[in-house]
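As structure tokens, the structure follows; a few thoughts come after it.
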Amino acid sequence: MKFGSLLALVWIMALAGCARQSIHAPVAPGVAIIPAPQWLMVTGGELRLAGAVDVSADADAPRARRALDEVLGRVGLATSAQAATRLQLRRVDDPTLGDEGYRLRIDDGITLEARTDAGLFYAVETLRQLLPPAPPAKGHAITLPQLAITDVPAYRWRGSSLDVARSFLPVSYLKAHIDRMAFFKLNRLHLHLTDDQGWRIEIKRYPRLTEIGGASAVKGGRPGFYTQAELRELVAYAAARNVTIVPEIDLPSHIQAAISAYHQLACDDVTNLGPYAGIDVGFNILCLQKPDVVYPFVRNVLTEVAAIFPSEYLHIGGDEIKNPLYADFVARAAGIVNDLGRKAIVWEEGSVAATRPDTLLQLWNDKYPTAAATAEGHRWILSPCSHFYLDHGNYPGQPDTQTWCRNGVPLERVYRFDPRAYPPAAGVEGDLWSEFVPTDAATDNRLWPRLAAVAEVAWRDPASPLDYPGFLRRLRALRPQFDAMHIRYYAGPEVWGK
Ligand code: TNX
């Protein structure tokens with residue numbers, strides 16, 4: 001007992017010490033973690049892992065246990081009660097760790113602690129980054145630096161959004177993406193499921209939405225749609241990796257694909273009722289003068305969406321349309337989301353509508369006036385295009401990228417984003433629109449490595465000092481991991497070195 005409390009005291013002192021020694025200081029060789037942990041102390045020495053570890057894990061941490069088994073399998077470590085090295089995974093009742101925080105200690109064994117399964121899962125993801133991506137060469141052991149980490153994210157919302165509407169992405173890509181997100185502790189996958197060029201989610205009550213609306217895409221992009229069964233499986237796959245899928249049905253504009261399937265959704269004088277493969281916006285809208293048509297449609301669609309996705313939030317779009325009935329529409333659509341027991345997310349323009357204060361607003365233009373909505377109690381998802389629109393170039397002038405917001409959003413710009421200059425936020429999200437991103441390879445190129453910087457911005461304490469050269473060192477050290485995940489990242493020398 002006494003010895004136990006002594007150990008606890010040493011542990012607390014170690015933590016107090018390392019609070020001042022953050023990873024932003026020069027990092028010991030061999031320690032490269034993204035996002036950087038809040039507190040890290042390299043204690044000196046190494047732990048050699050040879051052949052097997054003796055795992056003892058609390059039963060009530062299934063996500064973490066599955067991830068741990070995968071990580072050990074990846075490096076060829078067996079589990080055996082006879083192994084010399086102990087690896088403990090345990091839930092502890094420590095409120096300072098919050099819902100996603102964890103502690104990781106490597107001394108003569110490995111100890112992972114968290115209050116929740118999600119926190120333990122992130123401890124395992126940190127261990128994954130410390131380990132090599134593959135088994136060592138024959139006759140070699142794996143060595144880990146001895147260290148202590150205490151880590152808690154700054155923001156709850158650490159998002160990536162994918163536009164599968166302009167160009168479809170197969171389920172296999174989304175699964176790989178979820179794994180990659182988890183590796184960097186991102187936890188919200190926002191799927192932009194509908195737009196002018198395509199409707200990608202099966203809605204049983206309106207089969208033509210996918211029969212007709214799923215068959216189109218932006219010029220050069222991929223058509224397609226997800227069945228409800230596929231999406232349910234994806235939701236479970238994501239949940240096992242602490243990722244919540246947040247579906248977006250973009251309303252009341254960006255709706256040409258639905259209009260092409262059900263012409264009655266448009267006003268009676270509209271003649272443009274066909275599918276669309278261009279990239280203009282704002283030329284169509286649900287006919288808000290026909291509430292008897294529009295609101296049952298919205299309610300029926302959102303009811304099926306809510307049944308597939310358990311997410312606390314449903315995104316109802318609301319971008320890029322001017323209409324006298326717009327604010328009324330957003331208020332009613334958000335009300336439908338609330339009737340379904342969920343909270344709504346709306347793009348920034350929706351701040352003009354009377355919605356519940358728990359409606360999240362998503363900022364995409366730096367200069368959008370946020371004060372009034374903030375004063376009403378709304379919080380923001382920060383996706384200002386100048387830092388987080390990943391359809392803009394990795395470098396100025398990159399072919400097939402957008403430039404309307406600025407000419408290039410390089411990695412360093414993403415890394416240097418300061419959320420403190422913005423209204424109170426639930427978190428940040430990197431958004432990839434797909435007008436010019438028609439393949440898996442192009443998707444990888446736009447996302448990576450910039451999404452790793454999004455993850456760092458979302459996790460790190462915004463008050464801690466920035467160190468871009470240090471970030472690049474960690475990134476480069478993790479390059480074998482990017483390769484092992486088969487990421488076809490942007491490979492510019494200014495990022496990866498010559
Ligand atoms: C603006 S951001 C859009 C998208 C486009 C994107 C292209 C937002 C809410 N709307 O519809 O795909 O720009 O960069």
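Atoms within a ligand are numbered from 1 in the order they appear, just like the ligands themselves. Predicted, not measured: the structure shown is a model, and the values here were computed from it. Any value given below was found using the heavy atoms of this structure, including those in side chains, with hydrogens, waters and symmetry copies removed.
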Cationic tip of Arg332 above Tyr295 ring, under 6.0 Å, 45° of axis: yes

In chain order, what residues pass the salt bridge (charged side-chain N to carboxylate O under 4.0 Å, His left out) check against Arg128, with sequence neighbours excluded? Glu70, Glu125

What are the atom names and distances for all N or O pairs under 3.5 Å between ligand 1 and the protein?
residue	atom	partner	partner atom	Å
ligand 1	10 (N)	Asp319	OD2	3.0
ligand 1	10 (N)	Glu320	OE1	3.2
ligand 1	11 (O)	Arg166	NH2	3.0
ligand 1	11 (O)	Glu320	OE1	3.4
ligand 1	12 (O)	Arg166	NH1	2.8
ligand 1	12 (O)	Glu435	OE1	3.3
ligand 1	12 (O)	Glu435	OE2	2.6
ligand 1	14 (O)	Asp391	OD2	2.6
ligand 1	14 (O)	Trp404	NE1	2.8

By the definition side chain to side chain contact (heavy atoms under 4.5 Å, CB included), identify the one residue from Arg180, His486, Met485 that meets it with Asp444. Arg180

Do Tyr490 and Trp496 have ring centroids that are under 6.0 Å from one another? no

Residues that Ile279 engages under side chain to side chain contact (heavy atoms under 4.5 Å, CB included), provided they are two or more places apart: Val218, Glu435, Phe436

Sort and list the pairs that fulfil salt bridge (charged side-chain N to carboxylate O under 4.0 Å, His left out) and have at least one residue in residues 216-231, not counting sequence neighbours. Arg222-Asp440

